[in-house]
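Just so we're on the same page: letters track the sequence lines, and every chain starts at 1.
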Amino acid sequence: MIRSLIVLIILLLGSSALSYFFIGYSRAGVQYISKHREMRKSIRGGSVYHYGGYGQKGFRGGK
Amino acid sequence: MADNQELKAIKCPACSGDLSRSFKAQYDSEEEETVQVPVAKCLSCGKEYDQHTQEYYELFADTFTSDKDSSVFKLGLKGKIDGVEYEIIGRMRYQDEEEWEKDTWDEWLAISAEGVYRYFVEEEGKVYSYEEYVPKSIDMAKADSIEFEGKKISKSSGYVGRIVFAEGELPWKPEIGEPATIYEFKKDGANYTIEQSEDEVSITRGDIIPYKKVMDAFGTEETKKKYQGNVSRKKVYYLKAKLYAAGTAVALCLAVYSCLSTEPVSGVMDKKQVLALNEMKFEENQNVYFSQMIVGPFDIKEKDCLYEVRVGIDEKVQKLNLEWQTFRLLLIDEGRLNKFTGGNLTRPVLKDLFDEIEASPEPVESFEVTGDFWDEEGYDDEGHWHESDLSGTADFVLDTAGKYYAYVELFSNKPRKVESVYVGVEKARSYIYFLITSALMAGLGYFNYMRGKSQVEVPFDIS
């Protein structure tokens with residue numbers, strides 16, 4: 001019984017912590033900029049950074 | 001009596017040959033397949049005797065009695081129920097004739113100090129207490145029904161039980177395989193049983209009695225202890241199930257609260273500048289229409305919060321009709337936009353910036369979202385279908401508060417009004433982990449509930 005109570009508390013606290021710290025969500029702002037800056041640095045000279053725009057994501061009408 | 005029966009050689013009534021255990025193929029409508037069922041077969045003439053014959057039970061009686069000692073009752077035991085002391089003096093075990101697998105129940109005959117007989121019927125861990133009953137009126141002569149004190153009982157509701165074991169003192173001398181047709185029914189809240197055999201009819205009235213009462217009266221110290229253990233285990237399982245149910249409710253409430261407590265960022269679409277409108281481009285071997293717009297600035301007041309950005313089609317402005325449109329949204333900090341444009345946010349400067357954005361080594365935007373809208377129809381084996389997807393969303397955690405712009409780039413296979421596309425931003429809360437937790441706890445609760453349900457209180461193996 002105590003084990004079940006502990007599991008229950010862990011689950012509730014765990015989900016609260018994951019929600020509070022936004023675990024698994026995309027980061028926008030400073031983190032995004034520095035990450036993408038590094039990505040662009042690794043692209044060889046003469047090419048351009050390719051955004052995920054038309055033609056990359058795939059859309060049902062275009063398949 | 002049963003022991004004497006076992007010693008007798010069981011002969012075929014047709015040719016007096018020896019009977020042996022065999023199997024025959026029979027279609028099982030529940031299993032929907034042909035199964036092998038046991039039969040008694042004559043070694044001389046080959047005649048088969050199935051579970052509707054006395055010979056079958058004479059030959060197979062021991063297969064129905066392997067667990068005959070798994071009972072709280074024993075011959076000679078004395079115990080008090082509701083203040084009346086009973087002594088167990090006899091027992092008959094019946095097998096349901098319709099089943100070829102074991103499906104038995106025991107009828108224990110007890111006698112009180114005052115000489116009153118009582119039957120304790122024990123089946124699958126439940127005990128029913130019956131006493132003999134003399135009805136005011138009964139008519140069993142009709143072919144299809146029994147008239148019992150004005151109540152009509154259909155004879156088709158009866159089933160046949162075959163005696164497979166007997167011991168002790170009984171009102172008559174039962175034979176192995178002897179059939180009795182049993183009718184069970186309720187009348188005025190009481191349970192009645194009519195047992196009709198070849199020579200006599202026995203009528204009893206009674207009800208289920210709590211197993212605890214039976215244990216208190218006839219249980220040994222060992223069985224009582226085991227019973228208490230089983231009861232406690234069952235209670236613990238149910239308690240755990242309740243605990244997880246409460247946890248599920250809490251997690252669901254948190255999920256619903258988080259899901260509903262969103263705050264829209266105001267003024268996102270208040271200022272809009274169209275940079276390009278349906279410019280034709282040749283990409284991926286086809287002509288596409290390209291549009292650009294920038295909305296904002298709008299104020300995102302809180303940092304380190306979860307936000308949801310939604311891009312969608314407003315069909316009041318223009319319907320999306322059997323076509324597609326893709327979008328790319330860039331969320332841009334006002335300070336960075338000023339840095340890249342030198343504070344000049346006029347259309348030509350902005351257009352130059354965004355047309356060349358892919359060549360920029362430094363990201364302009366703070367976040368990027370891509371997606372597509374589509375509207376399609378067709379035919380499949382269920383007929384005509386028409387489906388569409390008119391919006392796309394993305395969640396992100398923003399670490400810097402301030403003023404932001406949303407730049408939107410659109411490609412479509414037909415010319416489209418750029419006004420039909422809207423952008424919305426709202427502050428949100430994470431709810432997915434609460435949903436996952438509630439599902440997990442619901443599963444654990446259900447598991448414990450089922451464990452509790454299947455936990456037998458009876459301190460014996462029952463089958």
Item checked: Side-chain donor-acceptor contact under 3.5 Å, B/Ser430 with A/Tyr25 -> yes

Notebook entry, point to check: Hey, is the main chain of A/Ile23 close enough, under 3.5 Å, to the side chain of B/Tyr433 for a donor-acceptor pair?
Noted result: yes

Note to self: Go through it in stages, so that I can follow the logic: the residues are B/Phe367 and A/Arg27, the test is side chain to side chain contact (heavy atoms under 4.5 Å, CB included), and I'd like the CA-CA distance, side-chain angles, deciding distance and then a yes or no.
What the structure shows: CA-CA 8 Å; B/Phe367 191 61; A/Arg27 299 278 159 174; over 6 Å; no

Notebook entry, point to check: Residues in side chain to side chain contact (heavy atoms under 4.5 Å, CB included) with B/Ala406, at least two apart?
Noted result: B/Val295, B/Phe298, B/Leu329, B/Val423

Notebook entry, point to check: Hey, which of B/Leu239, B/Ile432, B/Thr400, B/Asp389 has the most heavy atom pairs under 4.5 Å with chain A?
Noted result: B/Leu239

Check: What are the two closest heavy atoms between A/His36 and B/Pro363, and how far apart are they?
Finding: CB-CG, 3.7 Å

Item checked: Which portion of A/Ile9 sits near chain B, non-hydrogen atoms under 4.5 angstrom -> neither

In residues 302-310 of chain B, what donor-acceptor pairs under 3.5 Å come from side-chain atoms, sequence neighbours left out?
residue  : atom : partner  : partner atom : Å
B/Glu302 : OE2  : B/Lys427 : NZ           : 3.4
B/Tyr307 : OH   : B/Glu302 : N            : 3.4
B/Tyr307 : OH   : B/Glu302 : O            : 2.6
B/Arg310 : NH1  : B/Ser391 : OG           : 3.4

Checklist line | A/Ser15 side, atom OG; B/Leu435 side, atom CG - distance, nearest 0.5 Å | finding: 10.0 Å

Check: Taking it one step at a time, do A/Ile33 and B/Ser366 satisfy side chain to side chain contact (heavy atoms under 4.5 Å, CB included)?
Finding: CA-CA 6 Å; A/Ile33 292 166; B/Ser366 296; 4.1 Å; yes

Notebook entry, point to check: Checking heavy atoms, do the side chain of B/Leu410, its backbone, both or neither come under 4.5 Å from chain A?
Noted result: neither

Item checked: For chain A, the option from B/Phe396, B/Tyr404, B/Tyr431, B/Tyr237 that forms the most heavy-atom pairs under 4.5 Å -> B/Phe396

Item checked: Residue B/Leu398 versus chain A: region with a heavy atom under 4.5 Å -> both

Check: Of all the residues in residues 248-258 of chain B, which have a heavy atom that comes within less than 4.5 Å of a heavy atom in chain A?
Finding: B/Val250, B/Ala251

Item checked: Under 4.5 Å from a heavy atom of chain A, the part of B/Arg429 involved -> neither

Margin query: Taking side chain as everything from C-beta outward and backbone as N, CA, C, O, which of these in A/Ser34 sits under 4.5 Å from a heavy atom of chain B? Side chain, backbone, both or neither.
Written below: neither

Next item on the list: Under 4.5 Å heavy-atom distance to chain A, tell me which part of B/Asp333 shows up: side chain, backbone, both or neither.
Entry: neither

Checklist line | Contact list for residues 232-256 of chain B, test salt bridge (Lys or Arg N to Asp or Glu O under 4.0 Å), sequence neighbours left out | finding: none

Notebook entry, point to check: Could you walk me through whether A/Met1 and B/Leu243 pass the side chain to side chain contact (heavy atoms under 4.5 Å, CB included) check?
Noted result: CA-CA 9 Å; A/Met1 192 64 207; B/Leu243 188 73; 4.0 Å; yes

